[in-house]
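To start, the structure under review is shown below, and the notes come after it.
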Amino acid sequence: MKTSQPKTVRKESPKKPRLGDMFEVDVITMDADGYGLSTFQEMPVFVSGILPGELARVKVTHAGQRQLFACVEKILRHAPFRLKSPPCPNAAFCDGCPLIAMNYPAQLAWKQALIKDELGPYLSLAEATLHDILPSPRRLHYRNSAKLVVSGKFSAPLIGIYRRNSHDLMDVGDCPLHHPLINKVVHAVKDGIRKGKVPVFSPRSGSGLLRYLVVRVSEAENRAMVTFVTSQRSFNEIHHLAKHLRTAVPEVEVVVQNVNSTSGNTILGEHDHFITPRKELRETIGTTAFSISPRSFFQVNSGGARIIY
C-alpha cells in the first residue's frame with residue numbers, strides 16, 4: 001500500500017511595500033541628511049520628520065529596489081527632546097531644517113556625535129581632541145541667504161524649496177531660519193508676480209519666465225541683494241517686478257537678473273544683468289568689510305562667521 005507524501009507548503013514572501021503604503025517604524029538614529037533610520041521587511045527606511053528614539057506610523061513616499069523613503073503620518077512615541085511647540089508649523093513636512101523640532105542642546109549633541117562618527121574610520125585622528133561644538137549666537141532667523149524655487153501660476157505663485165526626492169514644492173512663507181528681511185522680500189515678490197502677471201517658469205513645458213529667487217542680506221547694514229533667475233532675457237517684466245519690490249522693501253539695494261536657459265537643477269546661469277546701479281552688497285564681520293557679489297561665497301550664519309573668523 002502506497003503512503004502519500006506530505007505536501008510542501010510554500011511560504012509566500014511578504015508583499016513588497018509600494019508608494020502610499022503605511023506601517024510602523026521604530027527609529028534608532030538619524031543620518032547626516034536628517035533622515036530617521038529604521039527597517040521594514042529587512043529594507044532600510046529613511047523617514048523625514050522624525051527624531052531618534054521615536055515610534056511612528058509612516059507613509060511610503062518613494063519605493064526603491066533596496067530602500068524606502070517615508071514621511072510621518074503620526075508619532076506614537078515622542079522623544080524626550082522633541083519640542084512641544086516647534087518654531088516652524090511646517091516642521092513635520094519641510095525637509096529644509098530636520099533638527100528644528102529638537103531642543104538646542106540635543107541638536108548640538110547630535111552634531112557632536114555625527115562628527116565623531118565621521119572621524120572614526122581615520123586611525124591617524126584617533127588621538128585628536130574633539131572640542132565641544134560652539135553654539136550659534138542666534139538659533140533662529142540667522143540665515144543671511146536663500147535660494148528659492150518659484151513655481152505655480154502668476155495668479156497664485158509659490159516660492160520655496162523642493163521636498164527631497166520629489167518635484168513637490170514646499171512654500172516657505174515666513175521661514176523661522178531666514179533673516180526677517182528675506183521673508184519680507186519673498187512676500188513682496190509674490191505680490192509683484194501677481195500684480196505684474198509675471199509668467200512663472202514650468203520645468204515640464206519649458207514655458208514661462210521666472211525660475212528662481214536668490215536673496216542675500218547684509219546684517220550689518222540691513223540691506224538686501226535680490227537675484228531674479230529667468231529662462232530668458234526679458235527686461236520688461238523683471239524691470240517692473242524690481243521696481244515693485246524696491247518700493248515695497250526699500251532695504252533692497254541691489255537687483256540683478258540672471259539668465260539660465262538650461263534644463264536641470266543648476267540655479268544660476270552664466271549671464272548677469274544688473275537692474276540697479278549698485279552691483280555688490282557690503283557686509284562687515286568684526287572689523288573686516290566684505291563686498292559680496294551675486295556669485296560670492298559667504299557663510300550663511302553671520303554670527304557663526306564672526307566666531308570662525
Side-chain angles (χ1 to χ4, degrees), residues 14-121 130 132-133 135-136 139-140 142-143 146 149 160-173 175-178 265 300-301:
K15 192 172 69 172
K16 185 181 172 183
R18 295 181 296 181
L19 185 70
D21 283 358
M22 290 194 284
F23 48 82
E24 290 183 12
V25 295
D26 203 341
V27 169
I28 302 166
T29 185
M30 289 172 73
D31 69 4
D33 292 320
Y35 280 114
L37 300 181
S38 188
T39 57
F40 183 74
Q41 293 180 3
E42 299 182 356
M43 291 181 72
V45 185
F46 298 82
V47 186
S48 58
I50 197 168
L51 302 178
E54 293 187 326
L55 176 71
R57 185 164 181 77
V58 302
K59 182 167 73 173
V60 176
T61 55
H62 175 76
Q65 290 295 322
R66 295 182 178 86
Q67 59 188 16
L68 302 169
F69 287 86
C71 64
V72 172
E73 285 291 298
K74 185 179 181 181
I75 296 176
L76 306 173
R77 183 184 68 235
H78 289 77
F81 43 76
R82 175 179 283 276
L83 296 171
K84 290 184 178 179
S85 300
C88 179
N90 298 319
F93 315 106
C94 181
D95 295 326
C97 44
L99 303 184
I100 201 167
M102 187 187 290
N103 70 40
Y104 198 58
Q107 289 186 34
L108 297 180
W110 179 82
K111 291 176 182 179
Q112 186 90 7
L114 179 68
I115 294 170
K116 187 177 180 180
D117 289 344
E118 291 293 324
L119 295 179
L130 182 59
D132 290 341
I133 290 180
S136 172
R139 300 173 190 180
L140 298 174
Y142 63 84
R143 290 190 66 94
V149 183
I161 61 173
Y162 286 124
R163 293 179 187 271
R164 279 181 284 196
N165 302 308
S166 80
H167 282 284
D168 296 332
L169 193 72
M170 185 78 199
D171 194 85
V172 294
C175 176
L177 296 190
H178 289 165
N265 297 324
V300 298
N301 185 333

Approximate separation, where rounding is to 0.5 Å, of L119 CG and L114 CG = 9.5 Å
Search all heavy atoms of G96 against all heavy atoms of P98 and return the closest pair with its distance.
-> C-CD, 3.8 Å
Mutual orientation of the aromatic rings belonging to F46 and F69 [parallel < 30°, tilted 30-60°, perpendicular > 60°] | parallel
F81 vs P105 side-chain heavy atoms within contact, under 4.5 Å | no
Minimal non-hydrogen separation, P176 against I100, with atom names = CG-CD1, 3.9 Å
Taking all non-hydrogen atoms of both residues into account, name the closest pair between I50 and A56 and its distance.
-> CD1-CB, 3.5 Å
Would you find a donor on one side and an acceptor on the other, under 3.5 Å apart, between the side chain of Q112 and the backbone of I133?
-> yes
Taking the inter-plane angle between the rings of F23 and F40 on a 0 to 90° scale, is it parallel (under 30°), tilted (30 to 60°) or perpendicular (over 60°)?
-> parallel
In terms of heavy-atom contacts, does CZ of R77 have more than 12 from other residues, nucleotides or ligands at under 6.0 Å?
-> yes
Closest contact, heavy atoms only, T39 versus V25 = O-CG1, 4.4 Å
Short side-chain to backbone donor-acceptor contact, D31 and D33, under 3.5 Å | yes
Start with the C-alpha gap between R82 and M102, add the side-chain angles, then the distance that decides, and say whether side chain to side chain contact (heavy atoms under 4.5 Å, CB included) holds.
-> CA-CA 5 Å; R82 175 179 283 276; M102 187 187 290; over 6 Å; no
Test item: Q67 side-chain N/O and G64 main-chain N/O as donor-acceptor pair under 3.5 Å = no
R18 vs V60, side chain to side chain contact (heavy atoms under 4.5 Å, CB included): CA-CA, chis, key distance, verdict | CA-CA 7 Å; R18 295 181 296 181; V60 176; over 6 Å; no
In this structure, CG of L140 is separated from SG of C97 (nearest 0.5 Å) by 9.5 Å
Find the distance between CH2 (W110) and OG1 (T29) and round it off to the nearest 0.5 Å.
-> 8.0 Å
Going from CG on L99 to CE on M30, what distance comes out if it is rounded to the nearest 0.5 angstrom?
-> 5.0 Å
Side chains of L169 and Y162 in contact at under 4.5 Å (non-hydrogen atoms) | yes
dist L37:CG -> D26:CG (nearest 0.5 Å) comes out at 12.5 Å
Should the heavy atoms of other residues, nucleotides or ligands under 6.0 Å from CD1 of I28 be counted, would the total exceed 12?
-> no
Taking all non-hydrogen atoms of both residues into account, name the closest pair between L83 and P86 and its distance.
-> O-CD, 3.7 Å
Minimum heavy-atom distance V72-S48, with the two atoms named = CG2-O, 3.4 Å
Rounded distance (nearest 0.5 Å) linking atom CZ of R143 with atom CG of L177 | 7.0 Å
